[in-house]
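All remarks here apply to the structure that follows.
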2 protein chains.
Amino acid sequence: MEISERKKKILAAVVDEYIITAEPVGSKALAEKAGLGCSSATIRNELAELVNMGYLEQPHTSAGRVPTALGYRMYVNELMQKQKLSLEETEELNDRLEKKLNELDNTISDVSRLASQLTNYPALALSSRSRVTIKRFDIIYVDANTFIIVVMLDNNTVRNKLVHLPVSVDEAMVRKLSTMFNASFTGILEDQITPVLINSTERAADDSLGLTSVIAAFAMEVLSSEAAPSAFVTGENRLLNQPEFRDPDKAHRLMSYLSGGGYILPPGEELGDTNEVKVLIGPENIAEELKDSSVIVASYDAGDGTKGLIGVVGPTRMDYSVIASKLSFLAQGLSRRLGGGEAPVEGMHNKLIIKGDDSDKR
Amino acid sequence: MEISERKKKILAAVVDEYIITAEPVGSKALAEKAGLGCSSATIRNELAELVNMGYLEQPHTSAGRVPTALGYRMYVNELMQKQKLSLEETEELNDRLEKKLNELDNTISDVSRLASQLTNYPALALSSRSRVTIKRFDIIYVDANTFIIVVMLDNNTVRNKLVHLPVSVDEAMVRKLSTMFNASFTGILEDQITPVLINSTERAADDSLGLTSVIAAFAMEVLSSEAAPSAFVTGENRLLNQPEFRDPDKAHRLMSYLSGGGYILPPGEELGDTNEVKVLIGPENIAEELKDSSVIVASYDAGDGTKGLIGVVGPTRMDYSVIASKLSFLAQGLSRRLGGGEAPVEGMHNKLIIKGDDSDKR
DNA sequence: TATTAGCACTCGAAAGAAATGAGTGCTAAC
DNA sequence: GTTAGCACTCATTTCTTTCGAGTGCTAATA
């Protein structure tokens with residue numbers, strides 16, 4: 001059955017109201033508030049149909065209506081007044097963000113904390129990097145039993161490791177190894193570091209002490225740890241602000257799921273396009289623990305192949321529009337600041353694309 | 001007024017019981033349970049006096065008794081059955097710990113997490129290092145505008161920084177600087193890196209580009225960041241396990257205080273001697289937010305001047321004895337593992353010293 | 001045909017009333 | 001000094017009652 005214009009208006013009004021009050025909303029309140037010129041009786045009829053269609057439900061016979069997950073989905077996809085942030089809010093957010101971004105270490109923990117502060121919900125940050133390679137090796141001879149391996153990655157971060165040996169090496173060997181690694185191990189991906197390559201290097205360097213494999217192992221370790229996605233969740237306690245989590249047991253269950261580093265996003269789900277905001281409503285989440293919560297995430301691009309993701313977790317009754325705007329805002333700020341994004345400085349608050357929605361909203 | 005032996009026994013019994021049930025304990029229960037050969041009426045008299053003396057209180061006229069902070073203090077100092085861990089528990093703990101310690105990065109976040117898991121309370125970890133020096137400098141020439149500074153600290157950790165310059169340098173200069181820094185900047189403390197020293201080095205190296213100050217600045221940054229105490233709190237959500245935090249507002253208040261990195265220990269309070277366990281009961285805490293919670297901390301020594309501290313936060317009704325044992329256990333494990341401690345492997349579970357208590361147990 | 005006023009009905013939440021019982025303090029006997 | 005006995009207190013639990021927001025349905029209206 002097709003949903004009429006008026007039904008849409010009513011549904012939107014129900015969701016808007018419910019987001020604020022967290023109480024079931026009744027026909028009378030709607031008649032007064034929403035500017036649709038009809039009486040409560042008419043609205044009652046419409047509401048009854050919306051229930052039939054699965055967009056709303058009633059906690060019990062004599063209560064008002066509450067949006068279902070389907071209702072929220074419809075709201076998010078089509079009805080929501082996107083970008084509610086006023087100019088002042090935008091300004092304020094911009095200021096705060098600018099300040100924060102400057103003192104930001106760009107550790108995902110900081111990013112997550114920032115998102116949580118901004119939205120007042122528990123927040124997660126996630127980042128992963130693809131196609132990392134090493135640009136340069138340096139091996140520093142310390143003493144006969146000790147050297148330091150220093151590698152510089154293609155994104156100019158530098159990592160090091162101190163190696164103690166049970167046997168002694170001389171400087172010449174170290175220098176030789178350094179040259180060989182720079183020749184053969186730079187610019188390649190982790191899975192291109194094969195036993196074959198290691199063996200041939202070992203032979204070529206005339207290394208009978210196994211130094212080659214130590215260095216190669218470190219290289220692999222660095223590459224894989226750099227590529228591994230890391231996640232961070234903060235502000236779990238903000239859940240307790242929400243009336244739907246006044247039950248300590250319920251709150252505890254979700255909070256420990258979050259703290260436990262449980263998977264929040266569908267495992268298959270690759271990070272979406274930059275500047276896209278995704279919303280997962282209630283049962284759309286795969287994790288059992290999230291089935292009656294919603295997740296909103298925005299992705300950003302830190303350049304050099306690093307993609308990141310910031311999001312919040314909250315009750316299904318969240319102000320999707322505001323939160324999505326804020327996250328999008330933050331994600332674009334990060335993209336811009338970390339150099340990857342082509343997001344224009346001016347345009348920060350007018351590009352908000354939400355999954356499942358193909359109309360651009362100004 | 002002096003406290004009689006029997007009163008002590010009764011007080012101990014009240015605390016023991018209350019720790020388990022979290023309910024006010026009555027005279028009858030005590031008469032049956034605690035093996036003191038007297039009737040409930042007698043106990044009632046004693047209880048009344050204990051209330052007068054300030055060790056116990058009554059929530060209301062017809063309720064049982066609950067320990068006051070003073071009562072807990074007395075319990076912790078004199079009455080508590082220390083070291084309740086049975087042999088099996090010790091074994092089990094040992095196993096778990098051994099396993100965990102091995103995969104431990106020794107980041108304070110890991111230590112904190114471990115403490116929280118072990119005790120099922122929110123936990124904090126804190127560590128600070130004194131008298132750090134740099135053992136060795138290496139400066140790697142990358143290209144005319146780029147070099148990498150690598151420093152090795154006296155505890156053999158290695159830190160590095162990539163420097164991009166607007167001007168160009170040659171390899172000879174870099175080598176010269178490296179030599180000079182190794183001569184003048186090794187083995188000294190942060191506050192010994194003075195403008196005078198920097199100036200003279202700069203002149204001696206004939207450095208007109210300000211490279212000296214860049215390197216010196218990095219050295220200072222490393223030294224100060226290494227010496228700065230850092231803290232980490234985890235497992236805040238475990239607070240919700242406790243009946244006294246079923247009120248979401250109360251829980252939220254404390255949790256956000258903890259997450260916010262609020263000061264948990266008295267600022268003046270230096271880290272105590274290794275293997276000492278400190279207990280701060282309710283109002284003994286300075287932070288307003290902790291006035292009706294207790295904090296138990298144990299300190300460890302990771303050698304090389306690094307002192308650490310692990311602790312938990314919970315309601316005043318905590319099983320001080322068990323928690324103190326576990327923390328002490330963990331602290332000693334850390335000391336041992338990180339090389340600083342002289343704690344004997346065997347002796348792990350028999351050296352438990354609690355602040356304010358001068359008798360050694362078992 | 002769509003809308004609306006009117007009304008009986010439902011059912012959770014709030015308020016009130018009564019019952020329960022754990023625990024006390026006190027007194028008098030041991 | 002200890003104990004049995006008993007009247008009293010008061011939080012907690014349970015059961016009723018009241019209240020009212022909100023509904024669904026019907027009949028009148030535009």
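Chain naming here is simple, since letters A, B, ... match the order of the sequence lines and numbering starts at 1 in each. For the numbers below, each heavy atom of this structure counts, side chains included, while hydrogens, waters and symmetry mates do not.
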Sidechain N-carboxylate O distance under 4.0 Å for B/E49, B/K7: yes
Polar contact flag, side-chain donor to acceptor under 3.5 angstrom, B/S256-A/N237: no
Checking salt bridge (Lys or Arg N to Asp or Glu O under 4.0 Å) for the pair B/R317/B/D292: CA distance, chi angles, key distance, verdict? CA-CA 10 Å; B/R317 177 195 63 82; B/D292 66 346; over 6 Å; no
Could you check how far CD of A/E46 sits from P of C/dA2, rounded to whole Å? 11 Å
Go along nucleotides 14-23 of chain C 5' to 3' and tag each nucleotide: B for a protein heavy atom under 4.0 Å from its base, S when only backbone or sugar atoms are that close, - otherwise. ---------S
Outer limits of DNA chain D sitting under 4.0 Å from a non-hydrogen atom of chain B, read 5' to 3', are D/dT2 to D/dA11
Rounding to an integer number of Å, can you tell me how far A/L47 CG sits from C/dT4 P? 14 Å
Between A/Y55 and A/Y72, does a ring-ring contact (aromatic ring centres under 6.0 Å, His included) hold up when you go through it step by step? CA-CA 8 Å; A/Y55 293 116; A/Y72 281 120; over 10 Å; no
Check: A/Y257 main-chain N/O paired with A/E289 side-chain donor or acceptor under 3.5 Å: no
Salt bridge (Lys or Arg N to Asp or Glu O under 4.0 Å) evaluation trace for B/E284 with B/R73: CA-CA 10 Å; B/E284 295 171 10; B/R73 177 43 71 197; 2.7 Å; yes
Checking B/I10, B/V66, B/L11, B/V25 against B/L56 for side chain to side chain contact (heavy atoms under 4.5 Å, CB included), the one that qualifies is B/L11
Determine, stepwise, if the pair A/K8 / A/E78 fulfils salt bridge (Lys or Arg N to Asp or Glu O under 4.0 Å). CA-CA 9 Å; A/K8 284 188 184 176; A/E78 303 195 27; 3.5 Å; yes
Of B/P59 and B/T42, whose closest DNA chain D nucleotide lies nearer the 5' terminus? B/T42
